[in-house]
Amino acid sequence: MANGQWYPPEWPDRIRALAAGTLTPVAPRRAATVMLLKDTGSGPAVHMLRRRASMAFAGGAYAYPGGGVDPRDDDHQVRWAGPTRAWWADRLGVDETAAQAIVCAAVRETYEEAGVLLAGPSADSVVGDTTGADWETDRAALVARDLSFAEFLDRRGLVLRSDLLGAWARWITPEFEARRYDTWFFVAALPEGQRTRNASTEADRTVWIAPSEAAAGYDKGELLMMPPTIATLRQLAAYESAAGALDAAPGRDLTPVLATARLVDGELVLSWPGHDEFTKHIPTGGATA
């Protein structure tokens with residue numbers, strides 16, 4: 001392949017089935033992912049993980065910490081600081097209950113997969129080192145869903161710092177995919193005193209890398225990525241600091257990006273609105289180009 005775009009081999013058949021009306025799209029699951037940034041001497045770096053090659057979905061691809069919403073985050077009022085739930089509901093284009101759940105997913109998944117916690121004992125503080133054995137016990141309980149995020153915050157006497165997040169983009173998995181997610185992408189800066197680690201069972205490597213360097217690796221075919229990942233990396237490359245990216249987040253357009261497939265002159269054309277570089281032409285005979 002000319003670049004590192006991850007392209008599932010089953011997509012052509014599924015696209016044809018969708019076009020023929022024999023494939024019923026599954027409902028997308030709400031999810032959140034966080035582009036965690038830290039400043040270096042040459043500009044910001046972003047924390048990325050490489051999904052294990054054995055993973056059924058996007059094995060070997062580089063991504064950010066993230067995952068699906070825990071339904072319990074809809075049900076309980078978590079300890080909260082920063083913009084109100086109503087503010088987040090307006091920003092994310094959902095109701096207040098869903099807004100809380102999505103922001104909770106962003107913070108929880110960053111802790112689960114990178115060991116970084118965007119929460120503190122007060123509205124203007126953040127926890128320090130979270131690598132102790134007692135922290136690990138709670139993190140494992142969150143991963144296993146034995147502990148809800150609200151219970152975790154209450155147990156620790158912490159409030160979620162929603163002001164440390166900036167909503168950046170929203171991508172929805174194409175209708176022809178077997179696993180579908182409605183994913184909000186956030187930016188955040190690594191809190192002082194905390195450090196990342198590979199805490200995810202789904203990743204075999206983690207790196208801090210400049211967005212432009214990661215994008216160059218993708219362009220050379222050296223780093224495998226899905227369209228939302230490389231698209232957001234290219235956008236982040238324009239900023240000289242983590243604070244600059246966070247300051248830009250409120251002005252970002254959160255119109256969902258959803259790939260479409262259509263039949264043109266005997267080819268299935270797969271495209272992502274506003275992202276022409278990802279367009280794929282799929283001959284009806286089955287080959288891809």
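What you see below is based on every heavy atom in this structure, not just the backbone, and it leaves out hydrogens, waters and symmetry mates. Just so we're clear, the structure is a prediction, and the values are computed from it rather than from any experiment.
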What are the two closest heavy atoms between [X] and [Y], and how far apart are they?
X	Y	result
Pro44	Pro211	O-CD, 3.3 Å
Pro227	Phe278	O-CZ, 3.4 Å
Thr33	Pro65	OG1-O, 2.8 Å
Ala245	Leu37	CB-CD1, 3.8 Å
Gly166	Ala249	CA-CB, 3.7 Å
Pro174	Leu258	CA-CD1, 3.9 Å

Just jot down the ring pair (Phe, Tyr, Trp, His ring centres under 6.0 Å) partners of Phe176, sequence neighbours excluded, or say none.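 For Phe176, the residues satisfying ring pair (Phe, Tyr, Trp, His ring centres under 6.0 Å) (neighbours in sequence not counted) are Trp11.
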Applying ring pair (Phe, Tyr, Trp, His ring centres under 6.0 Å), name anything that partners Phe152, two or more places apart in sequence or on another chain.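 Testing Phe152 for ring pair (Phe, Tyr, Trp, His ring centres under 6.0 Å), a comparison that skips the adjacent residues, returns Tyr111, Phe149.
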Please report the interatomic distance [atom1]([X]) to [atom2]([Y]), rounded to the nearest 0.5 Å.
X	Y	atom1	atom2	result
Thr40	Ile209	OG1	CD1	11.5 Å
Thr183	Met226	OG1	CE	8.5 Å
Gln100	Leu92	CD	CG	12.0 Å
Thr110	Leu36	OG1	CG	6.5 Å
His281	Ser271	NE2	OG	9.0 Å
Phe185	Gln235	CZ	CD	9.5 Å

Hey, mind stepping through Thr131 and Glu136 against side chain to side chain contact (heavy atoms under 4.5 Å, CB included) and telling me if it holds? CA-CA 7 Å; Thr131 58; Glu136 179 57 25; over 6 Å; no
Min side-chain heavy-atom separation [X]-[Y] under 4.5 Å:
X	Y	answer
Thr196	Thr206	no
Tyr218	Thr229	no
His47	Leu190	no
Val94	Ile102	yes
Leu158	Leu117	yes
Ile15	Leu270	yes
Val126	Glu192	no
Arg180	Pro25	yes

Holding to side chain to side chain donor-acceptor pair (under 3.5 Å), I want the full list of residues that pass it with Asp124, two or more places apart in sequence or in another chain.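 Scan of Asp124 (side chain to side chain donor-acceptor pair (under 3.5 Å), adjacent residues dropped) gives Ser122.
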With the 4.5 Å side-chain cut-off for hydrophobic clustering, are [X] and [Y] part of the same group?
X	Y	answer
Trp272	Ile172	no
Trp80	Val69	yes
Val107	Trp87	yes
Leu164	Val103	yes
Trp88	Val78	yes

For the pair Asp154 and Arg79, evaluate side chain to side chain contact (heavy atoms under 4.5 Å, CB included) and give the outcome as yes or no after the intermediate values. CA-CA 7 Å; Asp154 284 342; Arg79 296 163 62 95; 2.9 Å; yes
Honestly, is Arg156 close enough over Trp135, meaning NZ or CZ under 6.0 Å from the six-membered ring centre and within 45° of the axis?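 Because its charged atom sits under 6.0 Å from the ring centre and within 45° of the axis, Arg156 does stack over Trp135.
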Would [X] and [Y] pass as an ion pair if we require N to O under 4.0 Å?
X	Y	value
Arg85	Asp95	no
Arg155	Glu151	no
Arg139	Glu113	no

N/O donor-acceptor pair under 3.5 Å between [X] side chain and [Y] backbone:
X	Y	result
Thr137	Ala133	yes
Gln194	Val127	yes
Thr173	Tyr181	yes
Arg72	Arg145	yes
Arg161	Ser125	yes
Glu109	Ala32	no
Thr22	Ala17	yes
Arg252	Ala167	no
Arg50	Ala61	no

Suppose the criterion is salt bridge (Lys or Arg N to Asp or Glu O under 4.0 Å): which pairs have a residue in residues 18-39, not counting sequence neighbours?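 Sorted result for residues 18-39: Arg30-Asp74.
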Check the pair Val46 / Tyr64 against side chain to side chain contact (heavy atoms under 4.5 Å, CB included), numbers first and verdict last. CA-CA 9 Å; Val46 62; Tyr64 313 113; 3.8 Å; yes
Any residue meeting salt bridge (Lys or Arg N to Asp or Glu O under 4.0 Å) with Arg170, in chain and number order, not counting sequence neighbours: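 Partners of Arg170 by the salt bridge (Lys or Arg N to Asp or Glu O under 4.0 Å) criterion, ordered by chain and then number, come out as Asp182.
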Begin from the C-alpha positions of Tyr62 and Arg205 and carry the test side chain to side chain contact (heavy atoms under 4.5 Å, CB included) through to its verdict. CA-CA 9 Å; Tyr62 281 79; Arg205 183 188 185 211; 2.6 Å; yes
Cluster companions of Val26 among Ile, Leu, Val, Met, Phe, Trp, Tyr (side-chain spacing under 4.5 Å):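 Its cluster mates, by chain and number: none.
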Do the rings of Tyr239 and Trp168 sit parallel, tilted or perpendicular, given the 30° and 60° boundaries?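 Perpendicular.
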